[in-house]
Every structure is written in structure tokens, then in C-alpha cells.
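Here is the structure we will look at, set down as C-alpha cells.
Protein chains get the first letters and strands the later ones, always in sequence-line order, with residue 1 at the start of each. These values consider heavy atoms only, across backbone and side chains, with no hydrogens, waters or symmetry-generated copies.
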Number of protein chains: 2
Amino acid sequence: MMITSVSINDSSIRRSAEIAKALGHPARIAILKILAERTTCFCGDITEILPLAQSTVSQHLKALKSAGLITGEVEGVRTCYCLNPDGIKELQSLLSELSNELVQTCC
Amino acid sequence: MMITSVSINDSSIRRSAEIAKALGHPARIAILKILAERTTCFCGDITEILPLAQSTVSQHLKALKSAGLITGEVEGVRTCYCLNPDGIKELQSLLSELSNELVQTCC
DNA sequence: TATATTTATCGTAAGTTAACGATATATATT
DNA sequence: AATATATATCGTTAACTTACGATAAATATA
């Protein structure tokens with residue numbers, strides 16, 4: 001087993017935590033799933049599906065966007081939100097890397 | 001593509017969010033990595049490695065334990081913390097399931 | 001031009017989180 | 001029995017999160 005020195009300030013650890021934090025609320029996971037199964041993806045569509053106020057949905061969208069997991073393109077009066085393939089890939093690689101590192105039998 | 005109705009109250013979504021939330025702080029990811037690369041795993045060991053007070057580390061350990069990602073066995077005056085294989089497996093399966101669901105091209 | 005629509009942002013309240021030092025508890029050791 | 005050690009918990013403070021309604025800004029429609 002490779003011995004690495006683990007630091008809170010490691011950028012990969014920080015990025016993984018940032019992504020995990022973005023996933024750390026059921027509404028945000030639900031939003032990602034909704035985006036994955038629809039081709040149109042406006043804030044209003046999501047507000048119709050989830051039992052949350054429009055402003056709350058907008059806030060969750062902002063959190064997902066700033067974590068790099070989704071993009072938002074203004075289209076006239078609306079904004080079309082989409083999964084960000086790069087962010088999703090990063091999610092997959094960082095979290096699967098983490099999973100691999102956590103395979104162990106202890107004590 | 002299968003159309004599923006996405007709900008905030010779906011238990012799998014809630015559990016995924018719970019796990020992600022537990023991973024949503026660099027200190028907690030660091031702790032999991034430390035547990036993975038050591039065979040002894042007392043609170044004091046972790047406190048020596050991370051730049052955090054003992055009480056703060058204990059608090060993070062409690063969060064990881066209540067999310068089911070680690071176990072803690074009292075051994076005399078100390079407590080031996082270990083990765084919880086079941087929790088780690090759950091982490092892997094829920095998050096990889098989520099990853100798979102998020103493969104898509106949008107808009 | 002006036003009105004309607006969509007969404008971001010503001011303001012606010014309640015709740016949670018993260019950090020710390022101090023302390024209690026439980027077990028070892030002398 | 002007295003002392004030392006390890007850790008959980010308490011109390012506190014500051015910061016952040018989540019939710020909401022109200023409103024502003026931007027665009028579309030009548």
C-alpha cells in the first residue's frame with residue numbers, strides 16, 4: 001500500500017469535498033437527475049416538479065453551477081440548464097478514485 | 001431512456017445526499033483516507049495529522065460514523081475507528097449508480 | 001408602448017455546521 | 001488510591017445553509 005501524506009489542503013481532496021457538498025442535498029441530486037432525463041431544462045420546469053419555491057430552486061441551481069456540475073445558458077427570458085459533461089466526468093473520476101482508495105480491511 | 005419520476009423524498013436520493021454530505025468537508029475526506037492507509041486508527045492519531053483540535057476531529061468522526069461510513073470500537077481508554085466496509089460499499093454503489101444516471105447530452 | 005413571463009437576486013428567519021477551549025468520564029498506570 | 005491519558009461532550013461563537021416571499025431585470029407578446 002502506498003503511503004501518502006494526507007492533507008486537508010490537498011487540492012484533489014478539496015475539490016472532491018466541493019463536489020460532494022454540491023451533492024449533499026436531496027434537492028440538488030433530484031435536479032441533476034431531472035436534467036439527465038429531459039432535453040428541455042428551464043428553472044420553471046424544475047420548480048413544477050419539486051415541492052420548492054422558484055427562488056429556492058434557483059438557489060440550488062446556482063450551487064450546482066458554481067460547483068461546475070451544470071451549465072446555464074440564457075435563452076431569451078429563460079435559462080436553459082444542462083448537465084456539464086466536464087463536471088460530471090470530474091465527479092465520476094474523483095469519486096471513483098476516492099472509492100478505490102477506501103478499499104481496505106481495518107484494525 | 002427510462003422516465004422515472006424524480007422526488008426529493010426518494011429514499012435512494014436521500015441516502016445518496018446523506019453520504020455526499022458526509023463527504024462534503026475536506027477534513028472528513030482526509031480522515032477517510034487516513035483510515036484507509038493505517039491499521040491503527042485512534043482519534044489521537046488523526047489529531048496529530050490534521051491541523052484541527054481534538055474536539056473538532058471527534059466531531060468529524062461522529063459525523064462520519066452517523067453517516068455509516070466508519071465504525072468506532074472502544075478499546076480501553078481509546079476508540080479505534082475503522083472504515084465501515086458496508087458503508088463504503090454503499091457509497092460506491094449509490095454514487096456510481098448516480099454517475100451512470102447522469103450520462104447524457106443535453107439541450 | 002403596455003403587459004405578461006421568466007428568472008436572478010434581495011432581505012429575512014430559522015436551523016445547521018464548524019471551530020475552539022474546557023470539562024467530564026472512563027480506563028490505565030504508578 | 002492517586003495520577004495520567006484518551007476521547008466524548010458541553011458551551012460558545014461565527015459563519016453558512018435552506019427556505020420563503022417580494023422585487024428587479026430582461027425579454028417576449030399583445
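- The interatomic distance linking Ile46(A) (CD1) with dT7(C) (P) rounds to 9 Å, in whole Å.
- Under 3.5 Å, the side chain of Gln59(B) and the base of dA19(C) form at least one donor-acceptor pair of N or O atoms.
- Here the side chain of Lys21(B) is nearest to one of dT16(C), dT5(C), dA18(C), namely dT16(C).
- A side-chain donor-acceptor contact under 3.5 Å links Asp45(B) to the backbone of Phe42(B).
- The distance from atom OH of Tyr81(B) to atom P of dA6(D) is 15 Å, rounded to the nearest whole Å.
- Nearest-nucleotide positions on DNA chain C place Leu61(A) closer to the 5' end than the other of Val74(B) and Leu61(A).
- Checking the phosphate oxygens (OP1, OP2) of dA8(D), a side-chain nitrogen or oxygen of Ser58(B) falls inside 4.0 Å.
- Regarding contacts with the backbone of dC20(D), every side-chain N or O of Ser55(A) stays at 4.0 angstrom or more from both OP1 and OP2.
- Going from atom NE2 of His60(A) over to atom C1' of dT7(C) covers 16 Å, rounded to whole Å.
- Using a cutoff of 4.0 Å between basic side-chain nitrogens and carboxylate oxygens, Glu18(A) and Arg15(A) are scored as salt-bridged.
- Across the protein-nucleic acid pair, Leu64(B) atom CG and dT17(C) atom C1' stand 14 Å apart, rounded to whole Å.
- Along DNA chain C, the nucleotide closest to Lys62(A) and the one closest to Arg78(A) are compared, and the more 5′ of them pairs with Arg78(A).
- With Ser16(B) as reference, Leu94(B) is the one residue of Leu91(B), Leu94(B), Asp10(B) to meet the side-chain contact (heavy atoms from CB on, under 4.5 Å) rule.
- When the C1' atom of dA8(C) is taken as reference, atom CD of Glu75(A) falls 17 Å away, rounded to whole Å.
- Between dA18(C) and Thr56(B), no contact under 4.0 Å exists linking OP1 or OP2 to a side-chain N or O.
- We find that CZ of Phe42(A) is positioned 10 Å from P of dT6(C), with the value rounded to whole Å.
- For dT7(C), the OP1/OP2 oxygens have no side-chain nitrogen or oxygen of Thr79(A) closer than 4.0 Å.
- Annotation for Leu52(B) and His60(B): closest pair CD1-CD2, 4.2 Å, computed over non-hydrogen atoms.
- Where Ala27(A) and Gln54(A) meet DNA chain D, the nucleotide closest to each residue was compared, and Ala27(A) sits on the side nearer the 5' end.
- In this structure, the CZ atom of Arg14(A) is 15 Å from the C1' atom of dA18(C), given to the nearest Å.
- Taking atom CG on Leu50(A) and atom P on dC20(D), their separation rounds to 11 Å, with Å as the unit.
- The minimum heavy-atom distance between Ile49(A) and Val6(B), with the atom names listed, is CG2-O, 3.8 Å.
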